[in-house]
Structure formats: structure tokens, C-alpha cells
Number of protein chains: 2
Amino acid sequence: MSSETAKKPKKKTPRRHGPAERPGPEGGKRAENRRRRLRAIERAGLELFLERGVESVTIDEIVGGAGIAKGSFYRYFRDKEDLVEAIMAPVAEGVTAALAKAEQVLDEATTEAQQRAAYFELAVALAQAFIANPDPVKLYLQEGRGPAVGARRPLRQLADRVMEQTVKLTRIAREHGLLRPFPARVSALAVIGATEQLTFRVLSGEDLGDLSKVPGDLISLVMDGLRP
Amino acid sequence: MSSETAKKPKKKTPRRHGPAERPGPEGGKRAENRRRRLRAIERAGLELFLERGVESVTIDEIVGGAGIAKGSFYRYFRDKEDLVEAIMAPVAEGVTAALAKAEQVLDEATTEAQQRAAYFELAVALAQAFIANPDPVKLYLQEGRGPAVGARRPLRQLADRVMEQTVKLTRIAREHGLLRPFPARVSALAVIGATEQLTFRVLSGEDLGDLSKVPGDLISLVMDGLRP
DNA sequence: GAAAACCGTGACTATTTAGTCAGCATATTC
DNA sequence: GAATATGCTGACTAAATAGTCACGGTTTTC
């Protein structure tokens, strides 16, 4: 508070989310309680975020839903943004890793079969990440286009990372002659957009018929188009 | 109030947005002031919503941005949701009308040429609505997947209407043999998703190369796919 | 099992916020 | 241009909210 230029909440962020600085104990009772509480907070937060939107949910509601005291929230998370980041961490890591892996494999691939296999692997890895974390994925789809300020920042940042990585992959695929020569950004965004919209509506309970057919239909649609 | 039995702010909504019930005057100075103020509020609100998200913006910030007193806001709008609805009205009407018109024309079309013309007209009408209201469209794309509660309700409702109408059109097109036989909802959502994502990123200032080529590329991509 | 480290609690403070309204200002009417 | 209708203002209230912290309970350590 010495220097002026009064920013309200400033960006002081020495440490980030996590149970606390996880002082020292062992793999015993404390660690167990910690895990339980952490999960309770994440679970309650996620449920409320999906129902009412990240920005409208208050810390009081979250602690109420988790059945803990308010002070405990602040032992585990710095603020709401921190909680969102924690909720998204598994998805963010899974998706980022899958995209990075695909890029690396593609760079080293020499045959078209290898290339196709890389894309197939990518699709499988993404599908696994989605299926393992449907609610966080829905939150991402629901709020991921918001401005990168406040509690939604982690969501928007993930969306931007996904876009950039996908553009890279698209560029590689195009250079390998696997795609028609549209600008890579255009192809990538169209594919992301179609995939995300379909995923969002499925996760919203929209009736899309036989769900097991959707992924195949999407790929067929994207690769060969809608024209009969 | 252990759980939630009563509605917090209730849904009392006797009248809706507008300058007021526009008492009586004429086409003179008062009406002029009214219009100016209305536009100032909408402009300030829209700018803040895009920058920081609908739910995070306060009424005080809006009146500050518009340069008016707080009481005046409430003369023109019931609350923030009401303002959002007003901001989106031109787009909502344009899009809804275009989709309804296309449905009607398609129902009466007898030749394939007429059908194709109807889709072309639709594309033109939608493009016009987008170009005439880029900021509201961006707001819709940014927040339109949020839950249909609070100030974002009008945005989500518009998104749902767009989806339903597009599904209808897709179904008609498919029955006319213009599309491959994917489930109509799947095709429709894929097209909407690709279109909206591309539009959102264009409006976010993303570099997509020659912008005049994007619509054509999108159509080509959707109709004939990415495969070379 | 006693001391020490750690943790959870919820009342509390300082802010922020939505919404109101009495009084002054401006436009319209005659 | 006086009388009246309408509109704008901003201080005010009540409610909500983020974040803190002293205290008492729990777990670990020795």
C-alpha cells in the first residue's frame, strides 16, 4: 500500500490454489481431510457455476453448498478465480497434453498412415478427457468465451490455448496435404466451433439421437461436408 | 431457509423496458432527449458488458459511463436484464425474422432452385443483421451459452431460439434431399457452431486473413468438407 | 500423553450494490 | 409567460458481499 496508483484488488498473487502451502504432515488423517474438503468445495462450486454462472455465485453460497465455514474456503483458495482454475486443471492438462503430443508426433511422422494415426490418437485422448470430466468441460463451453478478466479468466485462457494449438495442428495437416487449402485459422475455428457446440448441447441434455453415432457423424461431416 | 423454498427477487415483471411508459408528448424536444439518453445507456452498457462480462458490470458503472444519474437508469430500464434485452432487440428481431421467412419460403418452394435461393436469402439477411450490429452480436456470442438466469437470460434464450429454428430449416433441407442424412440436430448444431465460432473470433479481432473470403470458405467447407 | 503444530469456525468489518424518492429543473400547454 | 406535467438528480437505505482473525478443537510429533 505504499506506492499509489490505487488498483482495487491489484494483481498481487504470490501463491496460488492448493490446500494451503501443504505444510508438512504425511499421508495420514490430515491429508485425507484436506482432500475431502477440497473436493467438497470444488464440487459445490462447480454445481453452482453451472447452474447460475461463475460471476453470479458468491463465496457464501459455495461454502454453504460445501457445508464448511467461510474461513475454510480461504485456506484452500485465494479467491473464486483460483477455484475455477483448480476445477479446470484436469481438463486443461489433459487437453493441453493431448494437443502437444499430437503436434510432436506429427512433426516426426513420415508416412500418411502415421499422420492419420496421430489425429486418431488425438481424438481418442480428447474424448477421454471429456468423458472423464463432463462438468468442467460444460463449464468451459458455457463460459469460455467471456472476457479474460475476473473469475472467468482461466476459462478464456484455456479457450485461447485450445485455439492456438488447433491452428498449429491444422497448419501441419494442411502442409501434409491432408486438408483443402483454406486458411488454417478458418478450418481450425470451424472444426472447433462445430465440435464444441455439439459437445455443449449434448452436455446440456439436448436430444441428439444415438449419442454413439455423433462423433462419427461429426468427423464425416467435417471431412466430407453436408452435400449429398 | 435451509434450502431454498422462496424465490429471492421474485419474477414480478408487470412492464418491460422502454423509455418509460412514454406518457404523452410529441415528436419534440422531450422525445429527442429520451432517445439520446436511451442510446447513451445502451452504448455504455454494451461497452462494459463486452469488456468485463454482463454479470460483473454494476448499474453504477453503467450510469457513470453514460454520464447520467442512477435514478435515470431506472426510468428507462427495470434492471440489467431489461437493458440486455433492449440491446439485443435489433439482432433478435432481425435473426428471428430472417429464419422465419426462410422457413415460410422453403415450405412453399417447389423447385430446387427456389430452395437454394431461400437459403441464399437467409445467409444474406443474417449477414446484414450481423454487420449492422456487430457489438450486440459479439455480446451474444460471448455470453449466449450462459445459464438462462439473471441478466444473461435474454442471451441464452436467443441462442436457444436460433438453434430450434435452424434445426427446422435443416430438417426441411434434408427432406428436400439437399443434405446428407445426418440427424438434423447434428447437422444444424455443427453449422451453427462453426459459423458462430468464426464470427466470434472475427469480432474479437483475430486475424483470419482476407475477411471477404471467410464466408465463402465457410460455406465451401460446410458443404464439401475438408478432405482434398 | 503432553506439547506443538495445524486447522476449522463463524462473527465481524469495511465495502459495494440495487433500488428509492424528495426536491429541483426542464419541457409542454394554454 | 404562467401554470402544469414530466424528467433528472444524487443522497440515502437496506441488503449483500469479500475477506479477516481470535478462538477452540484436532492431529501430529516426540
Side-chain angles (χ1 to χ4, degrees), chain A residues 1 6-10 12-15 17-38 40-41 45 48 52 54-84 150-151, chain B residues 1 4 6 8-10 12-15 17-38 40-41 45 48 52 54-84 150-151:
Chain A
M1 315 324 155
K7 305 156 168 257
K8 313 75 189 280
K10 63 239 327 91
K12 299 191 72 69
T13 317
R15 74 195 170 79
H17 76 78
E21 51 278 316
R22 53 182 65 246
E26 42 354 278
K29 210 174 225 164
R30 269 210 170 135
E32 170 65 18
N33 287 343
R34 248 202 296 265
R35 242 175 291 128
R36 201 199 335 278
R37 271 158 181 282
L38 207 76
I41 298 174
L48 287 161
R52 312 233 323 285
V54 169
E55 293 293 5
S56 308
V57 174
T58 68
I59 306 293
D60 282 292
E61 290 174 302
I62 296 171
V63 300
I68 61 166
K70 194 170 190 179
S72 295
F73 176 89
Y74 288 98
R75 175 171 293 280
Y76 288 85
F77 300 98
R78 200 173 51 78
D79 53 23
K80 210 162 51 169
E81 178 182 345
D82 200 18
L83 171 57
V84 171
Chain B
M1 66 249 295
E4 47 202 80
K8 317 78 192 274
K10 93 288 284 119
K12 301 191 71 68
T13 317
R15 72 193 172 79
H17 75 80
E21 50 278 316
R22 55 182 64 246
E26 42 354 275
K29 208 174 229 165
R30 273 212 168 134
E32 168 65 18
N33 286 344
R34 250 201 294 265
R35 242 175 291 127
R36 203 201 333 279
R37 265 154 186 288
L38 207 75
I41 297 174
L48 286 162
R52 312 233 323 284
V54 169
E55 293 294 4
S56 308
V57 174
T58 68
I59 307 294
D60 282 290
E61 290 175 303
I62 296 171
V63 300
I68 62 168
K70 193 170 189 179
S72 296
F73 176 89
Y74 288 98
R75 174 170 293 281
Y76 288 87
F77 300 97
R78 200 173 52 77
D79 54 21
K80 209 162 53 170
E81 177 182 347
D82 200 18
L83 171 58
V84 170

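Letters go in sequence order (proteins before strands), and every chain restarts at 1.
Note: I41(B) CD1 to Y76(B) OH = 6.5 Å, rounded to the nearest 0.5 Å.
Partner F77(B) forms a side-chain contact (heavy atoms from CB on, under 4.5 Å) with one of L38(B), V84(B), I59(B), I62(B) and no other, that one being L38(B).
Residues N33(B) and R36(B) bring a donor and an acceptor atom of their side chains to less than 3.5 Å of each other.
Judged by distance alone, with hydrogens and angles left aside, R30(B) brings no side-chain donor or acceptor close enough to the base of dT28(C) to form a pair under 3.5 Å. Between the base of dC7(C) and the side chain of R75(A) there is no donor-acceptor pair shorter than 3.5 Å.
The phosphate of dT9(C) (OP1 or OP2) has a side-chain N or O of R37(A) nearer than 4.0 angstrom.
In this structure, F73(A) atom CZ and dA11(C) atom P are separated by 19 Å, rounded to whole Å. In this entry the distance linking CZ of R36(B) with C1' of dC8(D) reads 14 Å, nearest Å. Between the CD atom of E55(B) and the P atom of dT17(D) there is a distance of 12 Å, given to the nearest Å. Rounding to whole angstrom units, CD of residue E32(B) and P of dA27(C) are separated by 11 Å. With rounding to whole Å, I68(A) atom CD1 is found 17 Å from dT26(D) atom C1'. For the pair R34(B) CZ and dT6(D) P, the interatomic distance rounds to 10 Å; values are reported in whole Å. Atom-to-atom, CZ of R52(A) to P of dA16(D) comes out at 13 Å; the value is rounded to the nearest Å.
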Practice problem: Sugar-phosphate atoms are those with a prime plus P, OP1 and OP2; base atoms are the rest. Using that split, label each nucleotide of nucleotides 17-22 of chain C B, S or - for protein heavy atoms under 4.0 Å, 5' to 3'. | Solution: SBBBB-
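Without hydrogens or angle criteria, R78(B) side chain to D82(B) main chain gives no donor-acceptor distance under 3.5 Å. Proximity of a side-chain donor or acceptor of K80(A) to a complementary backbone N or O of V54(A) within less than 3.5 Å is detected.
No side-chain heavy atom of R75(B) sits less than 4.5 Å from a side-chain heavy atom of R37(B).
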